[in-house]
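Counting from 1, the numbers follow the sequence of the chain as shown.
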Amino acid sequence: MADRSHIVKSYEQELGQLRSMMSQMGGIVENQVALALSAIADRNEEAADAAARQDPDVDGLERDVESLAIRLLALRSPMASDLREIVAALKITGDLERIGDYASSIARRSLRIRGSDGQISLSGLRSMGRLVQDNLRRSIDAITQQDSNRAMEVWHADRAVDEYYTALFRELVTYMMEDPRNIRACTELLFIAKNLERIGDHATNIAERVFYAVTGDNLPAVRPRGGPTSIDTTAEPDDR
């Protein structure tokens with residue numbers, strides 16, 4: 001009986017360690033996004049550099065979470081909600097790692113925006129950034145608290161992120177049409193906006209995975225969507 005109690009205690013400790021590492025990874029990624037947004041809004045080169053420097057920490061935690069999750073699956077034979085949580089952790093780490101990559105890309109591109117002070121309004125980008133940041137924070141809270149209601153909030157907010165992106169896309173294209181000198185800065189801002197939109201998508205991925213882990217049910221396959229743009233400004237997260 002004592003051996004059985006020890007095994008259960010050890011298993012619970014490992015699950016707690018998994019949750020702690022997920023929370024730590026989420027906190028770093030959330031900070032990366034905040035630094036990237038500061039780099040845009042404040043022309044803060046130090047913030048941009050700091051966002052990029054945190055990438056190795058995120059990558060290391062991703063490997064640690066995957067190793068522990070695989071160990072739990074192989075040696076503990078988890079069932080029901082524990083199994084769903086561990087499998088979700090394997091997928092969520094991928095989403096968090098990609099969010100970190102996009103934040104680093106935003107930070108790098110923010111340093112390329114020059115000569116546009118006073119000519120291009122960044123208010124729309126800031127508003128979109130705040131919403132994406134809020135969704136990311138709520139998705140990370142959903143992970144740490146195993147909160148399906150918080151996950152649902154993020155899922156429903158994905159439509160607003162899409163609508164912000166569509167409006168921002170049209171605004172930046174207008175700036176380019178009005179003055180060709182704006183083209184370079186607006187192109188960088190379009191890539192930044194696309195990366196923000198993708199961060200929002202990954203935050204929604206996380207919310208969907210948390211909802212399934214907690215409830216055992218899937219959210220609808222078709223997400224609430226905002227209006228599409230006519231052009232996809234494709235931006236790879238590791239562009240340099």
Side-chain angles (χ1 to χ4, degrees), residues 1-33 57-103 131-162 198-225:
M1 185 71 175
D3 288 343
R4 174 63 180 170
S5 175
H6 175 74
I7 290 171
V8 171
K9 183 177 180 181
S10 176
Y11 174 55
E12 289 300 327
Q13 287 174 338
E14 287 178 321
L15 273 179
Q17 183 183 0
L18 182 71
R19 292 162 186 156
S20 177
M21 287 192 297
M22 293 285 289
S23 177
Q24 184 182 356
M25 189 177 181
I28 295 173
V29 167
E30 188 177 350
N31 188 49
Q32 279 185 290
V33 173
D57 295 333
V58 174
D59 294 341
L61 278 167
E62 180 187 22
R63 290 190 294 270
D64 291 344
V65 169
E66 287 180 350
S67 295
L68 180 55
I70 290 170
R71 170 185 165 81
L72 286 167
L73 290 172
L75 301 181
R76 301 299 191 182
S77 300
M79 301 294 288
S81 61
D82 286 349
L83 177 60
R84 294 196 303 269
E85 181 181 354
I86 294 166
V87 172
L90 284 168
K91 296 181 178 181
I92 287 170
T93 54
D95 286 306
L96 289 172
E97 191 273 336
R98 295 303 283 172
I99 289 171
D101 285 344
Y102 286 126
L131 178 59
V132 168
Q133 197 173 11
D134 186 53
N135 281 356
L136 176 59
R137 181 174 59 252
R138 285 188 290 179
S139 71
I140 292 169
D141 287 345
I143 296 171
T144 58
Q145 299 168 18
Q146 290 293 285
D147 188 338
S148 59
N149 291 328
R150 188 63 58 91
M152 277 289 289
E153 291 174 4
V154 176
W155 189 81
H156 282 295
D158 189 56
R159 180 186 182 95
V161 173
D162 290 339
R198 286 178 170 174
I199 289 173
D201 282 343
H202 282 288
T204 306
N205 287 348
I206 291 170
E208 290 174 341
R209 302 189 203 290
V210 170
F211 187 88
Y212 175 73
V214 174
T215 68
D217 296 323
N218 286 306
L219 287 166
V222 179
R223 296 176 180 175
R225 307 303 294 180

Using modelled atom types and a 3.5 Å cut-off, is there a donor and acceptor pairing between side-chain atoms of [X] and backbone atoms of [Y]?
{"X": "S67", "Y": "R63", "answer": "yes"}
{"X": "S139", "Y": "L136", "answer": "yes"}
{"X": "R137", "Y": "E30", "answer": "no"}

Check: Would I86 and L68 count as a side chain to side chain contact (heavy atoms under 4.5 Å, CB included) if you check the C-alpha gap in whole Å, the side-chain angles of each, and the deciding distance to 0.1 Å?
Finding: CA-CA 9 Å; I86 294 166; L68 180 55; over 6 Å; no
What distance do [X] atom [atom1] and [Y] atom [atom2] have between them, rounded to the nearest 0.5 Å?
{"X": "D59", "Y": "T93", "atom1": "CG", "atom2": "OG1", "answer": "11.0 Å"}
{"X": "I28", "Y": "L96", "atom1": "CD1", "atom2": "CG", "answer": "10.0 Å"}
{"X": "T204", "Y": "W155", "atom1": "OG1", "atom2": "CH2", "answer": "9.5 Å"}
{"X": "L72", "Y": "L18", "atom1": "CG", "atom2": "CG", "answer": "6.5 Å"}
{"X": "I99", "Y": "I140", "atom1": "CD1", "atom2": "CD1", "answer": "7.0 Å"}
{"X": "N218", "Y": "E208", "atom1": "CG", "atom2": "CD", "answer": "8.5 Å"}

Note to self: Quick check: do V87 and R209 have side-chain heavy atoms less than 4.5 Å from each other?
What the structure shows: no
Item checked: Working for side chain to side chain contact (heavy atoms under 4.5 Å, CB included), residues I92 and V65 -> CA-CA 10 Å; I92 287 170; V65 169; over 6 Å; no
Quick one: list whatever passes salt bridge (Lys or Arg N to Asp or Glu O under 4.0 Å) with [X], sequence neighbours left out.
{"X": "E62", "answer": "none"}
{"X": "D147", "answer": "none"}
{"X": "R150", "answer": "D141, E153"}

Lys/Arg-Asp/Glu bridge criterion (N-O < 4.0 Å) met for [X], [Y]:
{"X": "R138", "Y": "D134", "value": "yes"}
{"X": "R76", "Y": "D82", "value": "no"}
{"X": "D101", "Y": "R98", "value": "yes"}

Note to self: I need the single residue from E85, Q145, Q24 that forms a side chain to side chain donor-acceptor pair (under 3.5 Å) with R19. Which is it?
What the structure shows: E85
Shortest non-hydrogen separation from [X] to [Y] and the atoms involved:
{"X": "G100", "Y": "V29", "value": "N-CG1, 4.1 Å"}
{"X": "V210", "Y": "A142", "value": "CG1-O, 3.5 Å"}
{"X": "Q32", "Y": "V58", "value": "OE1-CG2, 3.4 Å"}
{"X": "A203", "Y": "V154", "value": "O-CG1, 3.8 Å"}
{"X": "F211", "Y": "M152", "value": "CE1-CG, 3.6 Å"}

Next item on the list: Start with the C-alpha distance between L73 and L83, add both sets of side-chain angles, then the distance that settles side chain to side chain contact (heavy atoms under 4.5 Å, CB included), and finish with yes or no.
Entry: CA-CA 8 Å; L73 290 172; L83 177 60; 3.5 Å; yes
